[in-house]
Amino acid sequence: MELLGVIGNPISHSLSPLMHNTAFKKIKKQALYVPMLVDSKQLTDAIYGARALGFTGINVTVPYKEQVLANLTDLSEEAKAIKSVNTILFKENSIIGHSTDGAGFIQAVNHDLKYDLAQKKVLVAGAGGAARAIVYHLLRHGCHIYVANRTNERAKKLVSEFDSRDSRLTVIDISDSEIDRIIPMVDVVVNTTPVGMSTAKDQVPLSTQKLTDKHTVIDIIYNPIETQLLKLAKAKGCRTQNGLGMLVWQAALAWEFWWGISPPLDIMYETVKTAVKDK
Ligand code: ATR
């Protein structure tokens, strides 16, 4: 029996154990995926402990995606660039970190929305870890990106970390007037902030005044399945996508990283969708 799992704090809300274990069962894979609540001071022990216990690999979630980098012997080019790891593979003499979040976002948009992001103009709300993962891939797709964040300095830091001279990456103010000025110039709006999650259900991360049916609006939140942002966008005729696709695809890409195989995506999708609806 292979062992996998996810490390985070809190962890009881994570849908990953259910999603992975259901997929293992479906394809009769002899593997078990466990949630692991870890205290910050014991993160190093937890990583080495998982290796000592013979885990094949683990996922890493909030708040350890950055902190965990110090415990790894090797990093993928992407993990290095965005300073974030959500997937670890244990090898005999190495502990390899990778991030599947950004590629998961792109795959979800490609496959679920059937939308090609290449060369598009994209407004990204937020400048945290999720934004970094997504911006990394949007840049590789030749997108022109506007980053708007509650804390402007953090958006500037994100931009400077990639390349401050890159004219395809611009920081803008998150004030309504500035968002209303920029939205008519973009094709896509992406929310990477937690604004709209079940604890703040009625809130939107940015002004939606200027959205029209030419826009695609993507929220990486999956609980609730349809955030207030997506509701308003839908009412204006926008193409919309929630965060379930990214959740499933980042997991699928973890399978690729651990075993070089694709999981049964449909069953994973159905499983998380039902679980979110039931909450
Ligand atoms: P993640 O790894 O999920 O991206 P993070 O690195 O903590 O998490 O980043 C969260 C992002 O959401 C940040 O851009 C944060 O803005 P600040 O840089 O100003 O903190 C944004 N965010 C979180 N709560 C928010 C709120 N209530 N209103 C607006 N933005 C918020």
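Order of appearance sets the numbers: ligands from 1, and atoms from 1 within every ligand. We use all heavy atoms of the structure for the numbers below, so side chains are in, but hydrogens, waters and symmetry mates are not. Numbers for residues simply follow the sequence, beginning at 1.
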Assert yes or no for the condition that the ring centre distance of Phe24 to Trp255 is strictly below 6.0 Å.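 Ring centroids of Phe24 and Trp255 are less than 6.0 Å from each other.
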For Gly126, atoms of ligand 1 separated by under 4.0 Å from a heavy atom: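 So the answer, numbered in order with elements, is 14 (O).
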Quick check on contacts: which atoms of ligand 1 are under 4.0 angstrom from a heavy atom of Ala127?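 Answer, ordered by atom number: 14 (O).
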Tell me the contacting part of Thr193 for ligand 1: side chain, backbone, both, or neither, using a 4.0 Å heavy-atom threshold, strictly below.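 Under 4.0 Å from ligand 1, Thr193 contributes backbone and side-chain atoms.
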One residue to check: Val195. Relative to ligand 1, which of side chain, backbone, both or neither has a non-hydrogen atom less than 4.0 Å away? side chain
Check Ile183 against His215 and note the closest heavy-atom contact, atom names and distance. O-NE2, 2.8 Å
Minimum heavy-atom distance between Ser160 and Lys157, given as atom pair plus value: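 Distance-wise, the nearest heavy atoms are OG-O, 2.9 Å.
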Where is the nearest protein heavy atom to [atom]: which residue, which atom, and how far?
{"atom": "atom 18 (O) of ligand 1", "answer": "Asn149 ND2, 2.8 Å"}
{"atom": "atom 13 (C) of ligand 1", "answer": "Arg154 NH1, 3.5 Å"}
{"atom": "atom 20 (O) of ligand 1", "answer": "Arg150 NH2, 2.9 Å"}
{"atom": "atom 11 (C) of ligand 1", "answer": "Gly128 N, 4.2 Å"}
{"atom": "atom 23 (C) of ligand 1", "answer": "Pro194 CD, 3.3 Å"}
{"atom": "atom 17 (P) of ligand 1", "answer": "Thr151 OG1, 3.4 Å"}
{"atom": "atom 8 (O) of ligand 1", "answer": "Gly129 N, 4.4 Å"}

Do NZ/NE/NH1/NH2 and the carboxylate oxygens of Lys65 and Asp101 come within less than 4.0 Å?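 Yes.
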I'd like to know if the side chain of Thr192 and the backbone of Ala125 have a donor-acceptor N/O pair within less than 3.5 Å.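 Yes, the answer is positive, given that a donor and an acceptor are paired below the 3.5 Å cut-off.
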Can you tell me how the ring of Trp258 sits relative to the ring of His20, calling it parallel under 30°, perpendicular over 60° and tilted otherwise? tilted
Nitrogen or oxygen of Val62 less than 3.5 angstrom from that of ligand 1: no
Does any N/O atom on Ala130 come nearer than 3.5 Å to any N/O atom on ligand 1? yes
Do Arg132's NZ or CZ and the ring of Tyr136 fall within the cation-pi criteria of under 6.0 Å and 45°?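 Arg132 over Tyr136 ring: no.
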Lys273 NZ/CZ over Tyr222 ring centroid, <6.0 Å and within 45° of normal: no
Run the salt bridge (charged side-chain N to carboxylate O under 4.0 Å, His left out) test against Glu77 and tell me which residues pass, sequence neighbours left out.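 Salt bridge (charged side-chain N to carboxylate O under 4.0 Å, His left out) check on Glu77 returns nothing, list empty.
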